[in-house]
Undergrad: 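Below is one structure. I have some questions about it.
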Number of protein chains: 2
Amino acid sequence: MMQLDKIVNYHKALADPTRMRILLLLSEGEMNGQALAEKLNLSQPTVTHHAAKLREAALITERRDKNVVYFAQNPYFIKQHAEASLQFITKMGEDVMTAEPVNETLKTSVLRNFFAKDGRLRQIPAQYKKKLIALQHMVEELEPGRQYTERDLNEFIKQYHEDFATIRREFIMHHFMYRENDIYELNPREQWTKWEQVK
Amino acid sequence: MMQLDKIVNYHKALADPTRMRILLLLSEGEMNGQALAEKLNLSQPTVTHHAAKLREAALITERRDKNVVYFAQNPYFIKQHAEASLQFITKMGEDVMTAEPVNETLKTSVLRNFFAKDGRLRQIPAQYKKKLIALQHMVEELEPGRQYTERDLNEFIKQYHEDFATIRREFIMHHFMYRENDIYELNPREQWTKWEQVK
DNA sequence: TATCTAATTAGATATTTATCTAATTTTATG
DNA sequence: CATAAAATTAGATAAATATCTAATTAGATA
């Protein structure tokens with residue numbers, strides 16, 4: 001099973017005290033290999049070794065400046081993987097959805113189960129398809145062509161959910177919106193993330 | 001560092017495909033050792049081995065009936081550990097709290113930062129102390145001596161947060177309330193979880 | 001070009017660990 | 001008490017992996 005390996009690899013990446021300490025150090029900000037080696041009292045090759053594993057699991061990113069490589073946390077993926085894993089293990093994907101409906105489309109069921117009567121988003125779906133449906137539902141209330149400041153957008157999102165930062169990021173990530181010079185604007189619908197047959 | 005080992009062990013427990021498959025099977029409901037061995041095509045000792053690791057990490061529970069041992073997921077701890085780990089790595093504990101205040105008590109800052117103006121709980125604090133403060137804040141609005149049905153209690157909690165199930169469980173777990181015959185009631189304040197000097 | 005620094009790659013070693021078979025323990029039952 | 005069924009424990013083995021030193025590569029600069 002594909003999904004399973006991915007999740008196991010995520011946990012393998014975190015199943016080592018040295019790598020955990022690296023992430024901990026990086027939570028303060030980026031660091032280069034040498035600095036990490038020193039802080040951890042390890043050789044540089046050892047740091048390279050662990051960095052490779054963390055990179056494979058998409059938990060860190062790297063940038064090169066001259067001949068020094070700076071490592072940084074990738075908090076978005078750390079969070080995504082943590083949620084996906086929890087979901088996978090406990091099948092909590094369905095916990096809001098009491099039972100998988102048969103006579104209604106996925107979209108209807110997401111709208112019914114993840115949004116409260118007052119229209120607020122109960123929780124961000126962790127399953128990919130469902131998340132996209134929820135995002136799209138919100139994004140459809142934005143005005144095409146209008147330029148939103150970050151503040152505007154945050155306020156808009158807060159109507160639905162407190163965690164505006166995550167949702168704003170998702171809007172960009174899935175190409176519902178784009179940002180230029182700190183101004184956010186809707187993408188044309190054709191560019192919105194397409195996913196397989198969500199009827 | 002103590003915390004670190006605990007979190008690493010949690011991930012070690014999940015960093016193996018066999019154990020992941022066990023949890024997956026258990027997400028459907030409890031199973032005994034033989035059944036697991038058969039489903040996984042492994043010997044019974046191997047199952048025992050993995051079960052021990054999962055138990056050490058508090059991810060499963062076991063009950064014995066006659067001479068067969070039934071394993072079951074411990075979804076509460078799975079979730080707790082996932083959140084604690086995420087928190088630990090990304091230091092998200094402070095993410096709602098923009099900066100650690102100096103001139104106000106922890107309690108004031110939790111109330112200010114985790115509760116919205118309308119009184120709702122933005123998110124359940126993941127840090128232990130802060131979580132207790134938030135729980136206590138809510139629990140103080142319950143009537144001493146009143147007997148709450150589960151429905152009553154859910155409604156009460158939903159005033160604050162959608163995830164009433166988790167919060168209800170926390171109320172019990174930290175001895176703010178107790179349940180008897182499906183009726184919930186406040187514990188006297190003296191029994192509420194005491195924590196170190198949260199002034 | 002020669003040299004210096006940071007990083008990676010290669011290769012070796014020791015530790016951890018997933019799995020098995022065989023033996024033992026636990027609990028129930030004829 | 002003898003037998004049976006399920007589980008655990010003991011011990012062995014093979015695979016995975018964390019770490020090191022030595023050698024190499026990448027990039028910058030004198």
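To find a chain, count down the sequence lines: A is the first, B the second, and so on, and within it residues start at 1.
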Undergrad: Both B:Val68 and B:Pro45 contact DNA chain D. Taking the nearest nucleotide for each, which residue is further toward the 5' end?
TA: B:Val68
Undergrad: Could you tell me if B:Glu150 and B:Tyr184 have a donor-acceptor pair between their side chains, going purely by distance under 3.5 Å?
TA: yes
Undergrad: On the nucleotide D:dT19, are OP1 or OP2 found under 4.0 Å from the side-chain N or O atoms that A:Thr18 carries?
TA: yes
Undergrad: If I take atom CG in residue A:Asn32 and atom P in nucleotide C:dA6, what distance separates them, rounded to the nearest angstrom?
TA: 8 Å
Undergrad: Write down the distance between CG (B:Asn41) and P (C:dT19), rounded to a whole number of angstrom.
TA: 12 Å
Undergrad: I'd like to know if the side chain of B:Gln34 pairs up with that of B:Glu38 as donor and acceptor (distance under 3.5 Å, no hydrogens or angles considered).
TA: no
Undergrad: Would you mind telling me which of C:dT8, C:dT27, D:dC20 lies closest to the side-chain atoms of A:Thr46?
TA: D:dC20
Undergrad: Tell me which nucleotide, if any, is Watson-Crick or G-U wobble paired with D:dA2 when both distances must be under 3.5 Å.
TA: C:dT29
Undergrad: Atom CD of A:Glu56 to atom P of D:dT17: distance rounded to whole Å?
TA: 10 Å
Undergrad: Would you say a side-chain N or O of A:Arg19 is under 4.0 Å from OP1 or OP2 of D:dA18?
TA: yes
Undergrad: So which nucleotide does D:dA28 pair with, by the Watson-Crick or G-U wobble rule with both distances under 3.5 Å?
TA: C:dT3
Undergrad: For B:Thr48 and for A:Ser43, find the nucleotide of DNA chain D with the closest heavy atom, then tell me which residue's nucleotide is more 5'.
TA: B:Thr48
Undergrad: So B:Gln34, base contact, sugar-phosphate only, or nothing? Heavy-atom distance under 4.0 Å.
TA: sugar-phosphate
Undergrad: Calculate the interatomic distance between B:Tyr70 atom OH and C:dT27 atom P; express it in whole Å.
TA: 15 Å
Undergrad: Given atom CD of A:Gln44 and atom C1' of C:dT5, what is their separation to the nearest angstrom?
TA: 9 Å
Undergrad: Expressed as a whole number of angstroms, how long is the span from B:Arg55:CZ to D:dT8:P?
TA: 7 Å
Undergrad: Between A:Lys131 and A:Glu170, is the salt bridge (Lys or Arg N to Asp or Glu O under 4.0 Å) condition met? List the steps.
TA: CA-CA 9 Å; A:Lys131 183 167 68 182; A:Glu170 300 270 8; 3.4 Å; yes
Undergrad: Here's one to test your reading of the geometry: is the NZ or CZ of A:Arg63 within 45 degrees of the ring axis of A:Tyr70 and under 6.0 Å from its centre?
TA: yes
Undergrad: Testing the 3.5 Å rule here: is there a donor-acceptor pair between the side chains of B:Glu155 and B:Gln159?
TA: no
Undergrad: Would you kindly give the NE2-to-P distance between A:His11 and C:dT17, to the nearest whole Å?
TA: 17 Å
Undergrad: I need the CG-P distance between B:Asn67 and D:dA4, as an integer number of Å.
TA: 14 Å
Undergrad: Of all the choices, D:dA28, C:dA18, D:dT17, which nucleotide is nearest to the side chain of A:Lys66 once you look at every atom?
TA: D:dA28
Undergrad: Ignoring backbone atoms, test whether B:Lys12 places a side-chain nitrogen or oxygen under 4.0 Å from the OP1 or OP2 oxygen of C:dT17.
TA: yes
